[in-house]
Amino acid sequence: MSGIIFFDTETTGLDPFKDKITLIQIKQGNKIRLVKTFTEAQISEMRDVLENSLIVGHNLKFDLKFLKQQFNINPENLFDTYIAEILISGGQKARQKGTATLEAVTKQYTGIQLNKSRDVRSSFNGSELTAEQIKYAAMDVAVLPEIHKKQQEQLKTLGLEKVFEIEMGCIPATVWLELSGLPLDKDGLNRVKGETKKKIEDAELKVKTILKESGYKNLDLFGLPAVNLGSPIQLLGVMRGIGLKIDSTGDEVISGIDHPIGKAIKEYRKQQKLLTGFILKYPEHVHKVTGRIQPTFNQVGTNTGRFTSSKPNMQQVPHDKSIRALFKAGKGKKIITADYSQIELRIIAEVSQEPKFLEIYNNNSDLHRLTASLLLNKPESEITKEERQQAKAVNFGFAYGLGAQSFKEKTKNDYDIDISIEQAQEFRNTFFKNYPVLASYLQTAARTAAGQQQIRNKSGRIVRFEQGLEAWQYENMGRNTPIQSLSADITKTAMGRLYHKLKPFNAKLINAVHDELVFEVQEDRVTEAAQIIKDEMEAAGCEYLKSIPCIVEVVMEESWQK
DNA sequence: AGTCCCTGCGCG
DNA sequence: AAAGCGCGCAGGGACT
């Protein structure tokens, strides 16, 4: 049996661990069923129906989380009208709030205005439903067939079937990801908190001491300069007060000044960021029911197709060893960190067919080292670690449109290396002279994208650019977007495959960071799981990287690694 | 107190 | 004349 079901739920709230489904709306053929009591027999019947039909619904991640948590029902054949709408819009509606809601989509495709006002919807709380509530609950599924039909046509017309399939396959994995959550080592966190607070105090004292020794006069009760270092305006004031000719406290400026206060300010900012941005945030996000961090992952959060993560954002966790170690496996478990090796540069190689890039990856050698050797005109064997690091920034930066002036600043900022603007220009010229096929690919990609104000990547995804930007901005998006978006599609493909393959392992998918997936797995089966993860991720990459290998690096440890 | 914008910075 | 791309979040500051 494989019918089609138009589907929605009403719940007592947004939290699948705390709140409950109170009503399930199912439209099958001409009939709409509203289910509000859940006996064993009803659950079993619903499982049979929902797991063996095409489920059409709006933002199914939400409903599927509740279905899994409350009834262990796991539909897998899906048509999500929310994600469909984002794809049809070329990713535009991903970042325009309110444009892809059920209300907006219904209005757009059927002309019907749904009543989403609070008084009607506030209390689907298990008590007797009013006639009005029944009407609106039924309306939410009644509008779906028309939306579904029209979106299906749109997806076909626009050639989005393949990427839509990737997205639908990824939904169960996103549900898995959000329900999994991450373990947090509380003791470790308290230790790091203390250490970081000490470092902030030290850095603050150092900055203020330097200010005082440089003759700053406005002192507080403790005889130290009265200034909030976190305030750019105040900091600018005191720095000018000791004779520094600056007009901003931005990072480039701070890096550029020849004065000991620069380093101290940077250290202060770094530690302050660690404390307030991360260390103090994580305990606030530990869920009362699960005892784990339960972030939100938005599968279509960016216009390029990448995920976004929030509350907290688990895609911006510092590399700092002391922080990553806080995400530590429970007893008897291990963390598997799996990431694509240089996936974006491999995609650049694939789409540009630059012979030197292809050769490097087919011989399993080192592109950053090659670039360093070409730019510095010396053998690869003589390239130092620092030179290789610098070349890494070169490969990414120049491919995506980085200019000489910015390259100079970036080099100073990231690696503390001073080069002249002429030298920067020379590097840029040498780079493109050595990779001529890449250069011409990039030029075409940039021009075409700027002309069309959008790109289509190798999996068929359309990324439309926002209006009103300068030509050079569209050109740079044209260089970057085909690469970034295909990388996202590869990771999503892998997630969909792994959702199925890891079912027997009772594993948790605990994080997804663009080109990296993190799992928590029973210790006794970790090696076996790691092999499957590597194989499936690489297989997903191979669907698009036809000319070169796709490599995934897998690490098994006590905590999240990178 | 809430909203908005800006700078600044963490990640890919 | 020159300009890498994509995010979320904290804190300051201006405004209502």
Side-chain angles (χ1 to χ4, degrees), chain A residues 91 94-95 227-236 248-255 265-266 268-282 284-285 295-298 300-320 323-324 339-340 342-345 347-348 392-410 413-414 421 424-425 428 431 442 445-446 449 455 463 465-466 469-488 490-491 511-517 560 562:
Chain A
R95 306 212 52 82
V227 55
N228 175 358
L229 300 184
S231 163
I233 292 177
Q234 293 183 30
L235 184 62
L236 181 63
S248 144
T249 61
D251 200 53
E252 323 80 68
V253 177
I254 297 287
S255 300
I265 290 171
K266 291 190 106 175
Y268 170 83
R269 282 179 174 170
K270 183 177 162 59
Q271 299 302 330
Q272 186 68 32
K273 177 84 174 173
L274 281 181
L275 185 70
T276 58
F278 304 104
I279 297 166
L280 295 180
K281 276 300 120 191
Y282 295 137
E284 292 175 15
H285 288 284
T296 300
F297 288 90
N298 185 352
V300 285
T302 74
N303 58 348
T304 60
R306 275 187 174 179
F307 271 79
T308 57
S309 163
S310 60
K311 291 177 290 178
N313 180 354
M314 290 306 300
Q315 295 178 327
Q316 57 170 180
V317 177
H319 283 144
D320 210 299
I323 307 280
R324 295 251 165 162
D339 76 290
Y340 284 103
Q342 300 188 9
I343 188 70
E344 288 205 9
L345 287 170
I347 294 172
I348 291 174
K392 194 171 168 179
V394 167
N395 284 327
F396 276 109
F398 288 163
Y400 295 149
L402 185 68
Q405 180 60 41
S406 302
F407 174 61
K408 172 177 157 39
E409 285 161 17
K410 189 176 168 61
N413 212 34
D414 292 359
I421 185 72
Q425 191 57 59
R428 200 166 183 279
F431 178 85
L442 288 170
I455 64 98
V463 182
F465 304 144
E466 66 167 292
L469 303 181
E470 303 290 329
W472 65 267
Q473 294 177 297
Y474 291 117
E475 287 172 9
N476 284 340
M477 289 179 185
R479 295 179 173 97
N480 174 272
T481 312
I483 314 302
Q484 187 187 123
S485 65
L486 190 63
S487 171
I490 288 173
T491 302
N511 204 359
V513 196
H514 310 309
D515 62 354
E516 171 186 4
L517 298 174
W560 183 16
K562 192 58 182 280

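Each chain gets a letter, A, B and so on, in the order the sequences are listed, and its residues count up from 1. Nothing here was measured: the structure is a model prediction, and the numbers come from that model.
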Quick check: does any side chain N or O of R95(A) sit under 3.5 Å from a backbone N or O of G301(A), one acting as donor and the other as acceptor? yes
For residues [X] and [Y], determine if any side-chain heavy atom of one lies less than 4.5 Å from a side-chain heavy atom of the other.
{"X": "V513(A)", "Y": "W560(A)", "value": "yes"}
{"X": "F396(A)", "Y": "L402(A)", "value": "no"}
{"X": "T491(A)", "Y": "H514(A)", "value": "no"}
{"X": "L469(A)", "Y": "Y474(A)", "value": "yes"}
{"X": "Q425(A)", "Y": "I421(A)", "value": "no"}
{"X": "N303(A)", "Y": "M477(A)", "value": "no"}

What are the bounds, 5' to 3', of the part of DNA chain C that sits under 4.0 Å from heavy atoms of chain A? dA3(C) to dG13(C)
Answer yes or no: does atom NZ of K408(A) have more than 12 heavy-atom neighbours from other residues, nucleotides or ligands under 6.0 Å? yes
Footprint ends on DNA chain B, 5' to 3', for atoms under 4.0 angstrom from a heavy atom of chain A, come out as dG8(B) to dG12(B)
For [X], report the nucleic acid contact type (base, sugar-phosphate, nothing); a contact means any heavy atom under 4.0 Å.
{"X": "T481(A)", "result": "nothing"}
{"X": "R95(A)", "result": "sugar-phosphate"}
{"X": "R479(A)", "result": "nothing"}
{"X": "Q484(A)", "result": "base"}
{"X": "K266(A)", "result": "nothing"}
{"X": "F278(A)", "result": "sugar-phosphate"}
{"X": "S309(A)", "result": "sugar-phosphate"}
{"X": "K281(A)", "result": "sugar-phosphate"}

Would you check if there is a donor-acceptor pair between the side chains of Y400(A) and E344(A) at a distance under 3.5 Å? yes
State the dot-bracket string of DNA chain C. Criteria: Watson-Crick or G-U wobble, both atom distances under 3.5 angstrom; notation: ( ) intrastrand, [ ] crossing earlier pairs, | interstrand, . unpaired. ....||||||||||||
Between W472(A) and K273(A), name the one whose nearest nucleotide on DNA chain C is closer to the 5' end. W472(A)
To check you understand the geometry: which heavy-atom pair defines the closest contact between L442(A) and F398(A), and what is its length? CD1-O, 4.5 Å
Step-by-step side-chain contact (heavy atoms from CB on, under 4.5 Å) determination, F307(A) to Q315(A): CA-CA 9 Å; F307(A) 271 79; Q315(A) 295 178 327; 3.7 Å; yes
